2 protein chains.
Amino acid sequence: MNEKVSSKEKLIITASKLFQQQGYHATGLNQITKESGAPKGSLYYHFPDGKEQLALESIQLTTEFVARQIEEGLKQSDNPVIAIQHFISMIADRFQKEGHQQGVPIAAVALETSLISDELRKGCQEAYRKFQNLFAQKLVSGGFVEERAEQLAVVINSMIEGAFLLSFTYGDSRPLRLVAEEIPHVLRMED
Amino acid sequence: MNEKVSSKEKLIITASKLFQQQGYHATGLNQITKESGAPKGSLYYHFPDGKEQLALESIQLTTEFVARQIEEGLKQSDNPVIAIQHFISMIADRFQKEGHQQGVPIAAVALETSLISDELRKGCQEAYRKFQNLFAQKLVSGGFVEERAEQLAVVINSMIEGAFLLSFTYGDSRPLRLVAEEIPHVLRMED
DNA sequence: ATATATATAGACCAATCGGTATAATTTTTA
DNA sequence: TAAAAATTATACCGATTGGTCTATATATAT
């Protein structure tokens, strides 16, 4: 029963955190190995393609983590409006509590790497698609026609990502909270 | 009459472009001096505080540039809804035409540096505030009460920034176009 | 013309970057 | 237990990073 965290897992977990906080280029492999406790020799054994491969798998871990948070938040209500508002409030609360030292998931890596690595660009694209699909599903189960649900999911995704970026830069959760308040009108269900 | 572009200006112009395309950490001072034609000696003469100072002034140049684009777009109509929609369409068109090789203004630097440099964080904050104020002004002149206009401006700013990020990552202007279509409902003026 | 700022030129610095090499070790299989 | 496979440990690599230094021009004054 090998239940302890493997070196590979430790590397991915640490890298995910650092890439989110510092971005791709500011995060060195030496820092990742040092903070994870795994040696550099292990890094290139488990990730023979180097930093890019490690970043890709880190993005995928972050994607799963965020997706689970979205699912958790959305199951709070059958009403898509209330559910999505609840999820955004969740983000805003956590953002406020943790002193916004965590960065914005995916976004930094997406902006830094999309033009230099198609692999990483696709990884980030896949992340956003997953988030989008979760919102779309919720809207469909709330009565929206599928095509319309997908369109609205893109808009909701944009609002959240943009508000997250603004809240991060301002150091203030207000943009996230204001966006949450407008969800009913985007979904055309007056409150 | 010294009308030729000074070394300082060349450095800022080149740095603005590179920071937007590649982000802060991926852009080296050697690359900036090389592409601008200005020598490294000049860099530390004009920017004694180094990369951070150059980045701050670059952000400010980008801010002015984008602000002018917003003003240009918004003056297209007295109706805030149509004006804002027109501006977003402008972005989407340019994005599509230029093969999205330009990056997202401000955002990358904001995400990369906000946690490590309060100066740069404030510079990016100032950028977003300027954009926000232009939208808010337009809404006020369109009949919105000031406080409400400011709230909606934050939301519109979020939608645009988020959609820009998604369009960039997808390599597709669709998120921007979908967000434009939802502007009437956010401003509660049915089309 | 001469003195004085202003600006340029580019060699140089320690530190760090991503990445490689190989030997030693641990774990698994036979 | 012996052989084989998986993993770890470092020392090391050239290249590049942001930043410094001093000598040399180029203007702008007096």
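Note that these values count all heavy atoms, side chains included, but never hydrogens, waters or copies made by symmetry. Note that the coordinates shown come from a computational prediction; the quantities given were computed from them, not determined experimentally.
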Nearest whole Å is fine: how far is [N] [atom2] from [X] [atom1]?
X      : N       : atom1 : atom2 : value
L29(B) : dC12(C) : CG    : C1'   : 16 Å
H46(A) : dG19(C) : NE2   : P     : 17 Å
E9(B)  : dA7(C)  : CD    : P     : 12 Å
Q31(B) : dA15(D) : CD    : P     : 18 Å
I32(A) : dG19(C) : CD1   : P     : 11 Å
K40(A) : dG18(C) : NZ    : C1'   : 6 Å
K34(B) : dT8(C)  : NZ    : P     : 20 Å
L43(B) : dG10(C) : CG    : P     : 15 Å

Proximal nucleotide (of dT20(C), dA9(D), dG18(D)) relative to the P39(A) side chain: dA9(D)
Out of dG18(C), dG18(D), dT8(C), whichever nucleotide has its closest atom nearest the side chain of Y45(B): dT8(C)
Pair E35(A)-K17(A), salt bridge (Lys or Arg N to Asp or Glu O under 4.0 Å): steps then yes or no: CA-CA 11 Å; E35(A) 291 198 20; K17(A) 186 191 75 180; 3.6 Å; yes
Closest-nucleotide 5' rank along DNA chain C - winner of G41(A) and T27(A): T27(A)
Residue mapping more 5' on DNA chain C - nearest nucleotide basis, S7(B) or Y44(A): S7(B)
Pairwise side-chain contact, R121(A) with Y170(B), heavy-atom cut-off 4.5 Å (strictly under):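 A side-chain contact under 4.5 Å is absent here.
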Heavy-atom check, side chain of E182(B) versus side chain of M159(B), under 4.5 Å: yes
Any donor-acceptor N/O pair, E9(A) side chain to S6(A) backbone, under 3.5 Å: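 Checking the backbone N and O of S6(A) against the side chain of E9(A), a donor-acceptor pair under 3.5 Å is found.
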S114(B) (side chain) donor-acceptor with A110(B) (main chain) under 3.5 angstrom: yes
Of S42(A) and K51(B), the one whose closest DNA chain D nucleotide lies more 5':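 Taking each residue's closest nucleotide, the earlier one in sequence belongs to S42(A).
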N/O (side chain, N30(A)) to phosphate O (OP1/OP2, dC17(C)) under 4.0 Å: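 Yes, such a contact exists.
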